[in-house]
Amino acid sequence: MGKFTKGQIEYFLLKLHSLTGLVPIGAFLILHLSLNALRTVGVLPYQLSIDALNNLPFLIWIEVSVIYIPLLFHSIMGFYVFTIAKSNVFKYSYPRNWMYTLQRVTGGVVFVFLVYHVGTTVAPKLWFGHHLFDAAPFLIDVMNDTFTTWTGRTIYLIGILSATFHFANGLWGFCISWGIVIGPQAQRNAGYAFMLFGLVLSVMGIATVVEFSLHPVSVQPTFGGTS
Ligand code: HEM
């Protein structure tokens with residue numbers, strides 16, 4: 001087997017970049033926004049979902065391999081795509097050109113949001129050793145505090161809307177570039193379907209922010225702490 005050319009390696013990495021946006025990252029986003037939306041049902045279902053996650057065996061390894069490594073790869077490749085991208089938005093303002101530019105801008109916004117988000121939730125949780133059933137009371141207090149201020153609410157709304165747009169529009173691009181949706185009419189219809197999908201995810205995220213903001217409720221560990 002001969003050596004791969006630079007072009008072949010670049011093609012493979014770009015395809016992997018596109019695929020990781022769908023799985024595992026996109027799948028994680030759907031699950032994450034859905035589980036957080038449990039807060040709108042009540043604080044107990046939300047607490048139990050955090051308990052379940054934080055009692056998983058090998059949690060840190062699952063997170064590193066399923067979330068952080070794919071996210072890091074997707075971000076690095078995203079910045080590479082950003083540098084080679086040629087935006088025509090100021091020359092021709094076709095909706096597709098705007099979507100193309102917005103896709104790249106929201107990617108950057110989500111990256112910054114994630115550094116803030118993980119830095120204020122998972123990082124202090126690990127740093128202060130809130131494991132197992134101690135994680136939920138700590139994380140719920142962090143979220144309650146965040147959503148007492150308009151700065152916190154605005155950061156989250158921008159993060160959520162950027163992530164849902166980036167994912168929904170990315171899915172549309174994925175279906176086209178992988179040859180799943182072919183033809184102008186089908187591509188237009190798929191565009192509407194993914195727009196609706198993005199809207200549903202956004203509503204779930206916004207409802208969560210509203211619920212936290214209106215009803216900040218602290219909780220005790222479900223089963224008496226880590227004992
Ligand atoms: C209302 C909106 C959101 C809330 C309330 C929320 C809440 C949380 C909480 C509590 C954690 C810590 C989980 C734990 O350690 O058990 C977390 C982690 C995380 N969140 Fe969010 N999140 C929201 C939106 C988002 C968005 C929009 C994204 C993606 C852009 C995102 C990506 C992540 C990631 C990657 C982690 C780390 C996952 C892990 O290590 O398990 N979150 N979030």
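Both ligands and their constituent atoms are indexed starting at 1 by order of listing. FYI, side chains are in, hydrogens and waters are out, and symmetry mates aren't considered; it's all heavy atoms of this structure.
The nearest protein atom to atom 26 (C) of ligand 1, hydrogens excluded, is given as Phe113 CE2, 3.7 Å; this is a heavy-atom distance. Among all protein heavy atoms, the one lying closest to atom 2 (C) of ligand 1 is Ile160 CD1, 3.6 Å. Scanning the protein for heavy atoms near atom 16 (O) of ligand 1, the closest one is Asn54 ND2, 2.9 Å. Residue, atom and distance of the protein heavy atom nearest to atom 39 (C) of ligand 1 are Glu63 OE2, 3.1 Å. Among all protein heavy atoms, the one lying closest to atom 37 (C) of ligand 1 is Tyr68 OH, 3.2 Å.
Of the candidates Leu157, Val66, Leu35, Leu139, Leu139 brings a heavy atom nearest to atom 14 (C) of ligand 1.
Note on atom 21 (Fe) of ligand 1: protein N, O or S atoms under 2.8 Å away count 2, no waters included.
Judged by the 6.0 Å and 45° rule, Arg96 forms no cation-pi pair with Tyr100.
With a 4.0 Å heavy-atom cut-off, ligand 1 is reached by no atom of Arg39. Residue contacts with ligand 1, taken as heavy atom pairs separated by less than 4.0 Å, do not involve Val142 at all. At a heavy-atom distance under 4.0 Å, only side-chain atoms of Leu29, from C-beta outward, approach ligand 1.
For the 3.5 Å distance criterion, the side chains of His17 and Tyr80 fail to qualify, holding no donor opposite an acceptor. The closest side-chain donor-acceptor pair between Thr208 and Asn36, if any, does not fall under 3.5 angstrom.
Using cut-offs of 30° and 60° for the angle between ring planes, the Phe138 and His130 rings count as parallel.
Those atoms of ligand 1 with a heavy atom of Phe28 less than 4.0 angstrom away are 32 (C), 33 (C), 34 (C), 35 (C), 36 (C), 38 (C).
For the salt bridge (charged side-chain N to carboxylate O under 4.0 Å, His left out) test, residues two or more places apart in sequence or in another chain that qualify with Arg39 are Glu211.
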